[in-house]
Amino acid sequence: SPVAPEQLEKLTRLAHRLSELAGEDHDLAVLAERVRQRGDCFADSTEQAGLQMLIARRRSKLQRRALSVGARVYRSRPRRVRALIEDPAH
C-alpha cells in the first residue's frame, strides 16, 4: 500500500540534506586541490599542511553524515517510492 504524504516529505528532506552534504564535500575537495596546487600562497609548508588537515577532517565528517543520511534515503524499496510519487494521497 502507498505511504502517507508525510513519509514522502521526510524522504524529500533527507534527499535534500544528502545533496547538501555531497555538495559541501565536493566544494572542499576542489578547495583541497587548489591548496595543493598553490603552495606559493602559504607562508610555509606547515601552514599549507594544516589547512589540508582541516579540510580532510571536515570532509571525513561530512562523508560519515552523508553515508548515514544516504542509508535512510535508500532504505525504501523503489516500488514503495514510486507509489509515493504516483499516488501520494493514499
Side-chain angles (χ1 to χ4, degrees):
S1 72
V3 184
E6 301 83 39
Q7 289 180 300
L8 181 57
E9 288 176 31
K10 181 179 178 182
L11 183 61
T12 301
R13 282 193 311 272
L14 287 171
H16 181 72
R17 180 67 181 137
L18 181 58
S19 173
E20 289 174 338
L21 291 166
E24 187 175 343
D25 179 60
H26 174 266
D27 292 347
L28 288 172
V30 171
L31 178 60
E33 180 60 21
R34 293 296 299 243
V35 168
R36 188 189 65 72
Q37 292 172 349
R38 298 296 311 264
D40 59 310
C41 294
F42 296 90
D44 57 36
S45 62
T46 303
E47 189 178 74
Q48 183 182 18
L51 181 55
Q52 289 283 27
M53 183 187 69
L54 291 172
I55 292 169
R57 198 178 294 163
R58 177 68 179 150
R59 287 191 70 207
S60 179
K61 187 175 183 178
L62 287 168
Q63 290 166 7
R64 283 192 307 274
R65 285 183 183 167
L67 285 171
S68 175
V69 173
R72 292 171 65 197
V73 168
Y74 292 104
R75 184 179 349 187
S76 295
R77 293 177 177 244
R79 191 175 303 161
R80 189 173 178 130
V81 174
R82 190 178 86 210
L84 283 171
I85 294 167
E86 290 176 351
D87 191 10
H90 290 92

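Hydrogens, waters and symmetry mates are skipped; everything else that's a heavy atom, side chains included, is used.
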What's the shortest heavy-atom distance between L11 and V73, and which atoms?
-> CD1-O, 3.5 Å
Please report the interatomic distance [atom1]([X]) to [atom2]([Y]), rounded to the nearest 0.5 Å.
X   : Y   : atom1 : atom2 : answer
L31 : R59 : CG    : CZ    : 10.0 Å
R17 : R65 : CZ    : CZ    : 6.0 Å
L62 : H26 : CG    : NE2   : 13.5 Å

Could you pull out all donor-acceptor pairs under 3.5 Å where a side-chain atom in residues 45-55 meets a protein atom, sequence neighbours excluded?
residue: E47; atom: OE1; partner: A43; partner atom: N; Å: 2.8
residue: Q48; atom: NE2; partner: V35; partner atom: O; Å: 2.6
residue: Q52; atom: NE2; partner: A32; partner atom: O; Å: 3.0

Do R34 and Q37 come close enough that some side-chain heavy atom pair is under 4.5 Å?
-> yes
Over 12 foreign heavy atoms within 6.0 Å of OH, Y74 | no
Residues that S60 engages under side chain to side chain donor-acceptor pair (under 3.5 Å), provided they are two or more places apart | R64
Qualifying residues under side chain to side chain donor-acceptor pair (under 3.5 Å), relative to R38, sequence neighbours excluded | D40
Hey, any chance L28 and F42 share a hydrophobic cluster, counting ILVMFWY side chains that come within less than 4.5 Å of each other, even indirectly?
-> yes
